Q: 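Sharing a structure, written as structure tokens. Questions coming.
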Amino acid sequence: MTWLETIIIAIVEGLTEFLPVSSTGHMIITQNLLGIKQGDPFVHAFTFIIQFGAILSVVCLYWKQFFQLNHTPAPKGSTPLQKLIHKFRFYWLLFIGVLPAVIIGLLAKKSGVLDWLLDSVEVVAVMLVLGGVFMLFCDRLFNKVDNDDIDEKKAFKIGLFQCISVIPGVSRSMATIVGGMAQKLSRKKAAEFSFFLAVPTMAGATLLDLLDLFKEDTSWASTHNVTMLILGCVVAFIVALLAMKWFVAFLTKYGFKAFGIYRIIVGGIIIILLLTGHSLVMVD
């Protein structure tokens with residue numbers, strides 16, 4: 001990968017990580033347009049690792065919530081363990097929420113399904129369209145707000161929704177925000193919990209990819225490739241930081257419909273190109 005290709009892909013990642021349009025899907029499409037070889041272990045790892053760079057912007061923007069302990073008194077009669085969980089409740093809920101993704105993600109990676117999905121632009125295109133159609137109606141389906149309190153049950157169910165995003169083109173952001181809305185959270189609260197849940201999820205995915213890279217072959221770890229990873233993470237972090245605030249404000253006010261239309265248009269164009277025998281590779 002060249003410097004320019006790295007910067008372009010990182011910008012795409014930063015812009016789309018928190019939008020319900022599938023950042024992984026957009027990176028796969030961008031890689032195809034740039035003529036980057038698919039199936040390469042480094043390309044797979046790069047796709048996930050720079051997502052973690054974008055995710056770190058959550059910690060920066062929401063640092064007060066992310067590093068704040070619960071200092072309210074624990075319920076009377078609580079055991080020492082319950083008191084500990086009460087104090088670290090924020091992290092406990094993230095742990096509960098990330099468990100389903102850990103199990104499903106490991107199974108998908110071990111079976112080779114995940115790598116196959118990452119190489120399939122056809123899967124991305126179809127899921128963009130299907131997800132877009134769903135998003136045209138999801139604001140009507142999940143428009144009831146009960147309260148914005150998140151307990152273990154809600155966190156686990158949102159985590160189950162996140163598992164769907166193992167399929168490129170679905171969008172982790174969309175899956176978890178809809179999961180939150182399905183638990184009768186407001187769009188703003190669901191989006192923020194989606195951001196928080198992304199941190200341990202992508203941290204785990206990044207760690208696994210790095211371990212796999214070092215386990216299989218260390219020849220990828222050239223000065224150039226390592227520099228590209230660092231550059232990609234930095235660019236994705238900066239762009240995501242700027243995009244996140246805008247997204248929360250837009251989603252709270254307007255909902256998912258505009259993103260649904262965008263997904264249908266992009267996915268539809270790709271499907272038409274593929275069906276008519278055209279290649280997405282624009283750069284040789």
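Along the sequence shown, residues are numbered consecutively beginning with 1. This structure is a prediction, so every number in the text was calculated from the model and none was measured.
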Q: When clusters are formed by joining ILVMFWY residues with side-chain heavy atoms under 4.5 Å apart, either directly or through shared neighbours, do F66 and I158 land in the same one?
A: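 F66 and I158: one cluster.
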
Q: Would F195 and V58 satisfy side chain to side chain contact (heavy atoms under 4.5 Å, CB included), going step by step from the backbone distance to the final call?
A: CA-CA 6 Å; F195 299 162; V58 175; 3.8 Å; yes

Q: Check whether I28 and V129 end up in the same hydrophobic cluster, where Ile, Leu, Val, Met, Phe, Trp and Tyr are linked by side-chain heavy atoms less than 4.5 Å apart.
A: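 Same cluster.
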
Q: Do M174 and R263 have side-chain heavy atoms sitting under 4.5 Å apart?
A: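 In contact.
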
Q: If you look at every heavy atom in C233 and I49, which pair is closest and at what distance?
A: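 Closest approach of C233 to I49, heavy atoms only: SG-O, 3.6 Å.
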
Q: Any link between L128 and V166 through a network of hydrophobic side chains (Ile, Leu, Val, Met, Phe, Trp, Tyr) touching at under 4.5 Å?
A: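 L128 and V166: one cluster.
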
Q: Any side-chain heavy atom of K157 within less than 4.5 Å of one from K153?
A: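 In short, these two side chains touch, coming nearer than 4.5 Å.
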
Q: Could you go through the side chain to side chain contact (heavy atoms under 4.5 Å, CB included) check for T47 and Q31 one step at a time?
A: CA-CA 10 Å; T47 301; Q31 289 165 5; 3.1 Å; yes

Q: If Ile, Leu, Val, Met, Phe, Trp and Tyr residues are connected whenever their side-chain heavy atoms lie under 4.5 Å apart, and connections chain through other members, are L33 and V121 in the same group?
A: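 Shared cluster, yes.
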
Q: Ring centroid separation for Y254 and F250, is it under 6.0 angstrom?
A: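 Yes, close enough.
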
Q: Using every non-hydrogen atom in the two residues, find where L185 and D149 come nearest and quote the distance to one decimal.
A: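 Smallest interatomic distance, heavy atoms only, reads CD2-O, 3.9 Å.
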
Q: How long is the gap from CG on L242 to CZ on F237, to the nearest 0.5 Å?
A: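 L242 atom CG to F237 atom CZ measures 9.5 Å (nearest 0.5 Å).
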
Q: Report yes if some heavy atom in the side chain of P75 is under 4.5 Å from a heavy atom in the side chain of Q82; otherwise report no.
A: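 Heavy-atom side-chain distance check fails, nothing below 4.5 Å.
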
Q: Can you check side chain to side chain donor-acceptor pair (under 3.5 Å) on T201 and Q162, steps first, answer last?
A: CA-CA 9 Å; T201 302; Q162 180 172 239; 3.1 Å; yes

Q: Looking only at side chains, do E152 and W92 share a donor and an acceptor under 3.5 Å apart?
A: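 Note: E152 and W92 side chains meet the donor-acceptor criterion.
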
Q: Step by step, work out the side chain to side chain contact (heavy atoms under 4.5 Å, CB included) result for T6 and V235.
A: CA-CA 9 Å; T6 298; V235 173; over 6 Å; no

Q: Looking only at heavy atoms, what is the nearest atom pair of F18 and A240, with distance?
A: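 For F18 versus A240, the nearest heavy atoms are CE1-CB, 3.7 Å.
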
Q: Measure the OG-CD1 distance between S23 and I9 for me, rounded to the nearest 0.5 Å.
A: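 One gets 12.5 Å once the value is rounded to the nearest 0.5 Å.
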
Q: Please round to the nearest 0.5 Å and tell me the distance separating atom OG1 of T227 and atom CE of M1.
A: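 One finds 12.5 Å between OG1 of T227 and CE of M1.
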
Q: Calculate, to the nearest 0.5 Å, the distance between atoms CE and OG1 belonging to M228 and T223 respectively.
A: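 So the CE of M228 and the OG1 of T223 are separated by 10.5 Å.
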
Q: How long is the straight-line distance from CD1 of I36 back to CG of L34, given to the nearest 0.5 Å?
A: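 Those atoms lie 5.0 Å apart.
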
Q: Ring-plane angle category for W246 and F259, please: parallel below 30°, perpendicular beyond 60°, tilted otherwise.
A: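 The arrangement is perpendicular - the two ring planes meet at more than 60°.
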
Q: From the options F90, W63, F95, select the one residue that forms a ring pair (Phe, Tyr, Trp, His ring centres under 6.0 Å) with F196.
A: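 Output: one option passes, namely F90.
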
Q: Any chance the side chains of S171 and S22 put a donor and an acceptor closer than 3.5 Å?
A: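 S171 vs S22: no donor-acceptor pair found between side chains.
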
Q: Please lay out, stage by stage, how F134 and L141 fare under the test side chain to side chain contact (heavy atoms under 4.5 Å, CB included).
A: CA-CA 10 Å; F134 170 76; L141 294 172; 4.1 Å; yes

Q: If every non-hydrogen atom of A54 is compared with every non-hydrogen atom of E13, which pair is closest and at what distance?
A: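 For A54 versus E13, the nearest heavy atoms are CB-OE2, 3.3 Å.
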
Q: Is the shortest side-chain heavy-atom distance between I230 and V226 below 4.5 Å?
A: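 A side-chain contact under 4.5 Å exists here.
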
Q: Can you check whether I29 reaches V124 side chain to side chain, under 4.5 Å on heavy atoms?
A: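 Contact flag for I29/V124 side chains = yes.
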
Q: Is there a ring-ring contact (aromatic ring centres under 6.0 Å, His included) between Y91 and H86? Walk through the geometry before answering.
A: CA-CA 10 Å; Y91 305 104; H86 179 77; over 10 Å; no

Q: Can you check whether T2's main-chain N or O pairs, donor with acceptor, with E5's side chain at less than 3.5 Å?
A: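 Checked: pair present.
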
Q: How long is the span from the OG1 atom in T252 to the CZ atom in F247, to the nearest 0.5 Å?
A: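 Answer rounded to 0.5 Å: 8.5 Å.
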
Q: If you apply the rule side chain to side chain donor-acceptor pair (under 3.5 Å), what do you find for S57 with E17, and how did you get there?
A: CA-CA 11 Å; S57 62; E17 178 58 45; over 6 Å; no

Q: Would you say the side-chain atoms of H26 pair up with the backbone N or O of T16, donor to acceptor, closer than 3.5 Å?
A: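 Flag not set: sc H26 to bb T16 has no pair under 3.5 Å.
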
Q: Suppose we screen for salt bridge (Lys or Arg N to Asp or Glu O under 4.0 Å). Which residues come up paired with K189, at least two apart in sequence or across chains?
A: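 Partners of K189 by the salt bridge (Lys or Arg N to Asp or Glu O under 4.0 Å) criterion come out as none, since no residue qualifies.
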
Q: With heavy-atom distances below 4.5 Å as the criterion, would you say the side chains of L94 and V199 are in contact?
A: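 The answer is no, as the side chains (C-beta and beyond) never meet within the 4.5 Å cut-off.
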
Q: Considering non-hydrogen atoms only, spot the tightest contact between C138 and F256 and give its length.
A: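 The pair with the smallest heavy-atom distance is SG-CD1, 3.3 Å.
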
Q: Taking the side chain as everything from C-beta on, heavy atoms only, tell me whether M135 gets closer than 4.5 Å to Y262.
A: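 They are not in side-chain contact.
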
Q: Verify, without hydrogens or angle tests, whether R89 (side chain) and L69 (backbone) share a donor-acceptor contact under 3.5 angstrom.
A: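 Not confirmed, R89 side chain does not pair with L69 backbone.
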
Q: So, applying salt bridge (charged side-chain N to carboxylate O under 4.0 Å, His left out) with D139, which one of R187, K144, K257, K253 is it?
A: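 Among the candidates, only R187 passes.
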
Q: Minimum heavy-atom separation for L61 and L241, please, with both atom names.
A: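 So the minimum-distance heavy-atom pair works out to CB-CD1, 4.1 Å.
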
Q: Please answer: with hydrophobic residues joined when any side-chain heavy atoms are less than 4.5 Å apart, are V145 and F193 in the same cluster?
A: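 No, because V145 and F193 fall into different hydrophobic clusters, even though each may have its own neighbours under 4.5 Å.
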
Q: With F88, which residues qualify under ring pair (Phe, Tyr, Trp, His ring centres under 6.0 Å), at least two apart?
A: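 F88: no ring pair (Phe, Tyr, Trp, His ring centres under 6.0 Å) contacts found.
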
